[in-house]
Number of protein chains: 2
Amino acid sequence: MTSKAAILGQLRSEILNLELKPGSILSETALSERFRISRTPLRDVLKQLAHEGYIDVYPKRGNLVSYIDLESVEQMIYLRSTLEKDILGNLASGSAALPLRGTLELKEILEKQEEAIREEQAHETFLHWDDAFHKKLFALAGRGYLWDLIQQSNVHYARYRRLHMLKKEKLEAILAEHRLLLDCVLRRDASRIAELVEHHLHEDINAAYLQENFADYLNMSKPDSLKPASGAEENIES
Amino acid sequence: MTSKAAILGQLRSEILNLELKPGSILSETALSERFRISRTPLRDVLKQLAHEGYIDVYPKRGNLVSYIDLESVEQMIYLRSTLEKDILGNLASGSAALPLRGTLELKEILEKQEEAIREEQAHETFLHWDDAFHKKLFALAGRGYLWDLIQQSNVHYARYRRLHMLKKEKLEAILAEHRLLLDCVLRRDASRIAELVEHHLHEDINAAYLQENFADYLNMSKPDSLKPASGAEENIES
DNA sequence: AAGGCTGTTCTTGTATACAAGAAAATCGAT
DNA sequence: ATCGATTTTCTTGTATACAAGAACAGCCTT
């Protein structure tokens, strides 16, 4: 656990699966002791995390694990929804036929997902194969580049999904929708895809429920005085 | 010119307007002398540039201004095309009416763009207002967040456009298309928007012409041995 | 002349000492 | 006890010395 890439991955996964709760302090000195590495390379890791939205940097005060930003969640859902409607539409309406190889890989993924449901403590595994399914669709449409791009700004949406999963055991429902979508593509029925994708991604973004049960995970847009750096402090503006 | 944000902006603009050509070396020591600042904060700036694709980092060898990646260009055009079709479609089909204020701002931008055409050496100014027009459309649809997100991965597309501009003086054509698009939205005619957006953004991605005239600006996918770091070197993987 | 070894000199990567800002704790006066 | 100024102690930001890898030049060998 000494390389920068390993540390980055470790912190990323701890933040994503909510072991590190929003608001937790990531101190440079503390982390440098934990990972037995000096502050300089560790700062590189924190910079990367900050750029991907995992942490908020308060200059000369500290780094906090970011609170889940529902605005970002809504925007990412819209982005994915719009793209996947188009992608699945193209795959279905057959200007380019779905190759047999791709079909098989998709079905394999869905089987893995079904297995994951049976396990207990299945959420992380299930989510992994859920992502794999959508990623494969992007890849088959020649849009893997965009999938990777989206993943770089996915912290808030990824954690939001995990909070929702905790409540509803609607894993079966999700899997069923995947099967339905694949069916439409294979039967070359583009007509229903738009509504299916729309419903699949907009898993009721129920802000009220979240604020009731996970208020301390969320970013309630408070006065600017409490917001992280974004201006001309000693920070880099993006 | 001592703050990190200023240096970042300076280098960004020099790379975007091709003063710093692809392949140019950005040495930490050289830059630290140029900007009278130590290597540590300067490395932060380079990290940011690397993350946004402005430079490629070859560990222990150097940092080169990235070559224009036509794959990225095509992906970004598709991304914007798909999003803007939906955005303009929504603005036109009127679930939410375009407010008077927004209409006026858009027309103002188009006037600025017309002024820019008359000036000589107009390209940079023209492009600025061109971006402003599209950005305003995103904002009016409540998608300013996504516009900003896209801008963070826009190096290759931005430079590609500048190379195209050098050849064709099709500034008037672009402006005319803007007027046409705005017209469709105001007249609530959503039918032609898709094809207009498609044509507007896919300004003939003529790879042959570029490779003929600007081969040394482009990233011809060479053998892996010449590619920048992306694996388990001493670098951070994204 | 060609090939390979070796040392020099580039580059970036890391560690650490110090500077500077912000918040908290302390101590004092009222 | 309460309020306020000062000091102390956190935090991150910066500078710099050193480590280590990569490329290059030169030389020697063949």
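Side chains included, hydrogens not; waters and symmetry mates left out as well; all remaining heavy atoms used. Residue numbers begin at 1 in each chain, while the letters A, B, ... track the order of the sequences.
The distance between atom CG of A:Leu64 and atom C1' of C:dA22, rounded to the nearest whole Å, is 14 Å. Nucleotide C:dA15 holds its C1' atom 17 Å from the CG atom of A:Leu31, rounded to whole Å. In this structure, NZ of B:Lys60 is placed 15 Å from C1' of C:dT9, rounded to the nearest angstrom. In this entry the distance linking CG of A:Asp44 with P of C:dA15 reads 11 Å, nearest Å.
Taking the salt bridge (charged side-chain N to carboxylate O under 4.0 Å, His left out) definition, one finds that B:Glu105 meets it with B:Arg101, B:Lys136, sequence neighbours left out. By the ring-ring contact (aromatic ring centres under 6.0 Å, His included) test, B:Phe126 pairs with no residue at all, sequence neighbours left out. Not counting sequence neighbours, the partners of B:Phe214 by the ring-ring contact (aromatic ring centres under 6.0 Å, His included) test are B:Tyr217. By the ring-ring contact (aromatic ring centres under 6.0 Å, His included) test, B:Trp147 is found to be paired with B:Phe138, residues two or more places apart in sequence or in another chain being considered.
Nearest to the side-chain atoms of B:Lys4 among the listed nucleotides D:dA20, D:dT14, C:dT14 stands D:dT14. With distances taken from any side-chain atom of A:Arg39 to the nucleotides D:dA23, C:dT11, C:dA17, the minimum falls on C:dA17. Of all nucleotides listed (D:dT12, D:dA23, C:dT12), D:dA23 comes nearest to the side chain of B:Arg61. Distance from the side chain of B:Ile37 is smallest for D:dA15 among the nucleotides D:dA15, C:dA22, D:dA23. Of the candidates D:dA20, D:dT14, C:dA20, the closest approach to any side-chain atom of B:Ser38 belongs to D:dT14.
Applying the salt bridge (Lys or Arg N to Asp or Glu O under 4.0 Å) rule to pairs touching residues 137-157 of chain B yields A:Glu74-B:Arg143, sequence neighbours excluded.
Ring planes of B:His164 and B:Tyr160: perpendicular class, angle over 60° (limits at 30 and 60°).
Considering only side-chain N and O atoms, A:Thr40 lies nowhere under 4.0 angstrom from the phosphate OP1 or OP2 of C:dT14. A sub-4.0 Å separation between OP1 or OP2 of C:dT11 and a side-chain N or O of B:Asn63 is absent.
Taking the nucleotide of DNA chain D with the nearest heavy atom to each of B:Arg36 and A:Leu46, the more 5' of the two is matched to A:Leu46.
Note that CD of A:Glu198 and OH of A:Tyr78 are 9.5 Å apart. Values are rounded to the nearest 0.5 Å.
Proximity of residues 22-30 of chain A to DNA chain D (heavy atom under 4.0 angstrom from any strand atom) is restricted to A:Leu26, A:Ser27, A:Glu28.
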